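To start, the structure itself, in C-alpha cells.
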2 protein chains.
Amino acid sequence: MERLPKRQRHQQLSRLIEENPFLTDRELTRLLKVSIQTIRLDRLELAIPELRERLKMMAERSYDPVRSLPLHEVIGDIVDLQLDKSGISLFEIREEHVFSRSGIARGHHVFAQANSLAVAVINDEIALTASADIRFIRPARLGEKCIAKAYVRSSGSQKGKAKVEVFTYVGDEMVFQGNFVIYRSRMAGDAGPEGGEAHENRG
Amino acid sequence: MERLPKRQRHQQLSRLIEENPFLTDRELTRLLKVSIQTIRLDRLELAIPELRERLKMMAERSYDPVRSLPLHEVIGDIVDLQLDKSGISLFEIREEHVFSRSGIARGHHVFAQANSLAVAVINDEIALTASADIRFIRPARLGEKCIAKAYVRSSGSQKGKAKVEVFTYVGDEMVFQGNFVIYRSRMAGDAGPEGGEAHENRG
DNA sequence: CGTTTTTTGGCACCAGGTATCAGTATGAAC
DNA sequence: GTTCATACTGATACCTGGTGCCAAAAAACG
C-alpha cells in the first residue's frame with residue numbers, strides 16, 4: 001500500500017497551515033476529510049503547534065522591536081565610535097535575516113551593517129555612500145553575532161570624500177570586507193553627486 | 001471619595017496592556033491588586049479585548065502580506081529572466097525604504113534589488129554572492145521605480161564562478177551600477193568559499 | 001489469516017476567557 | 001439612621017481550542 005495518503009496529507013497540512021496559520025483543527029478537518037484526532041496526531045508528528053501558539057508566535061515576532069522597524073537608520077548596535085577614525089557595531093543574525101532553508105544571512109543585511117557603520121563613522125551632518133567594493137568571505141548564519149569594525153583611511157578634508165574600510169567578523173573569522181567611498185557634505189560645498197545613503201545624524 | 005483609584009487603575013491597565021499585550025487577566029490581577037472580575041469589568045469598560053483577541057489582531061497585522069515579508073527572497077519583481085543571460089526587475093521605492101527626512105532610499109535596498117537579480121539570473125540551485133563592486137550614481141527617491149537590468153558576462157562553466165553586471169535606472173537615469181561575482185554550486189563540486197547570499201530557487 | 005499501522009471516538013482536563021447573578025463595602029444624600 | 005449608587009468580589013455555567021490518554025475500529029500488509 002502506498003503510505004502516500006498519510007504523507008500527502010502531512011504535506012498538505014504543512015502547506016495549508018503555512019498558507020493560513022489561522023486555521024483551527026476543526027477547519028482542517030473539513031479541508032482534509034479526516035477526523036479531528038487525526039489532524040492532531042498529524043500536528044504532533046509534524047511538530048506544528050496549536051493555533052493559539054502559532055498566533056502567539058506571530059504576535060511575538062511582530063512585537064519584537066527589532067522587527068517592527070525592519071531596517072532602521074543604523075543597522076546594528078554601535079558600541080564604539082571615534083568620529084573620523086573608527087567604529088564598531090554589533091549585529092546578531094536573527095530569524096528574519098536569513099533564508100529559511102539554509103539559515104544563511106541575506107547578503108544585504110551584512111552589507112547594511114557595514115554600510116551603516118561606514119556612514120556613521122563620518123563626522124558630518126550628511127554622509128552619502130558613493131561606491132563600495134565588497135567581499136562576502138564566508139556566509140553568516142542564524143544566531144551568529146557579527147562584529148563590524150570600520151576604519152577611516154582618509155578623512156578627505158580636501159576632496160569631500162572619505163575612504164572607509166570595514167571588516168566584519170564572527171568570532172575571529174572574517175565574514176565580510178568592504179571598501180567604501182563616502183561623500184561628505186561639509187568640506188566642499190557641493191561635493192559632487194549624491195550617493196545612495198544618507199546619514200541623518202543619530203547615535 | 002476620590003474616584004481616582006478607578007480611573008488611575010484604568011489608565012494603568014491601558015498602559016500595562018499597551019506595553020505588554022501578552023498579559024493575562026490573572027497577571028494583571030497581581031499587578032493591579034484587584035480581583036479578576038474587576039480586571040474584566042475594566043477591560044469591558046475600556047473596550048480592551050481579551051488576550052487571545054489581542055494576539056490574534058497582532059498576528060493578523062504581522063501576517064499582512066505587505067508588512068510580513070519586509071525583505072523577501074527576491075527584492076523587486078522580476079519581469080524578465082533569461083537564465084544565464086539576463087534579467088530585469090522592478091522595485092518601487094516606498095515609504096519604508098527611505099530615510100524619513102531626506103526621502104532618499106537606503107542604499108541596501110537598491111543594493112538588495114541588484115543583488116537579488118544577480119543571484120536569480122544564475123541558472124543553478126544554489127548561487128551565492130562572492131563579491132561585488134558597486135557604485136551609487138545618484139540617490140533613488142521615494143516613489144521612484146527602479147529598473148534593474150542584469151547581464152551575465154561569463155557564465156563560469158569552467159570555474160564555478162559567474163560574473164554578473166547590474167545597472168539600475170530610474171527612467172533613463174542610471175542610479176546604481178554593480179559588478180557581482182556569483183559562486184554557483186553545480187559546475188565544479190566545491191566552488192570555493194560560500195558567498196553571503198543564497199538562491200533558494202523561486203521565481 | 002494474523003499483525004501492524006492508521007484512523008477514529010470518547011472522556012477528562014486545561015487556559016483564558018464570556019455572561020450572569022448575587023453578595024459586600026463604602027460613601028453620599030435624604 | 002435609612003436609602004441609594006457605585007465599586008468591588010465571588011461563584012457558577014458555559015465557550016473555544018486545544019492536550020493527553022486509552023480503546024476500538026478500520027485499513028494495509030505480509
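In what follows, every chain begins at residue 1, and chains take the letters A, B, ... in the order their sequences are listed. Remember, it's a predicted structure, so these values are computed and weren't measured experimentally.
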Exercise for review: Using side-chain contact (heavy atoms from CB on, under 4.5 Å) as the criterion, point out the one residue from B:Leu32, B:Leu44, B:Ile48, B:Thr24 that pairs with B:Ile39.
Suggested key: B:Leu32

**Study point:** Donor-acceptor pair present, A:Arg52 side chain and D:dG18 base, under 3.5 Å
**Key:** no

Whole angstrom value for the distance that separates [atom2] of [N] from [atom1] of [X]:
X	N	atom1	atom2	result
A:Leu44	C:dT6	CG	C1'	15 Å
A:Asp25	D:dG20	CG	P	13 Å
A:Arg7	C:dT5	CZ	P	13 Å
A:Arg40	D:dG20	CZ	C1'	11 Å
B:Ile39	C:dG16	CD1	P	14 Å
A:Asp42	C:dT5	CG	C1'	13 Å
A:Met57	D:dG18	CE	P	14 Å
A:Arg9	C:dT5	CZ	C1'	12 Å

Practice item. Return the orientation label for the B:Phe176 and B:Phe111 ring planes: parallel under 30°, perpendicular over 60°, tilted otherwise. Key: perpendicular

Choosing from [options], which nucleotide comes nearest the side chain of [X]?
X	options	answer
B:Glu50	C:dT8, D:dG18, C:dT18	C:dT18
A:Arg43	D:dC8, C:dG17, D:dG18	D:dG18
A:Leu51	C:dG17, D:dG18, C:dT7	D:dG18

Could you tell me whether the side chain of [Y] reaches within less than 4.5 Å of the side chain of [X], counting heavy atoms only?
X	Y	result
A:Glu45	A:Lys6	yes
A:Leu90	A:Lys145	no
B:Val170	B:Ile93	no

Exercise for review: Answer yes or no: does a side-chain N or O of B:Ser35 lie under 4.0 Å from OP1 or OP2 of D:dC8?
Suggested key: no

Review point. Below 4.0 angstrom from OP1 or OP2 of D:dG17, is there any side-chain N or O of A:Thr24?
Key: no

Give one of base, sugar-phosphate or nothing for [X], where a contact means two heavy atoms less than 4.0 Å apart.
X	result
A:Arg54	nothing
B:Arg26	nothing
A:Gln37	base
A:Ile36	nothing

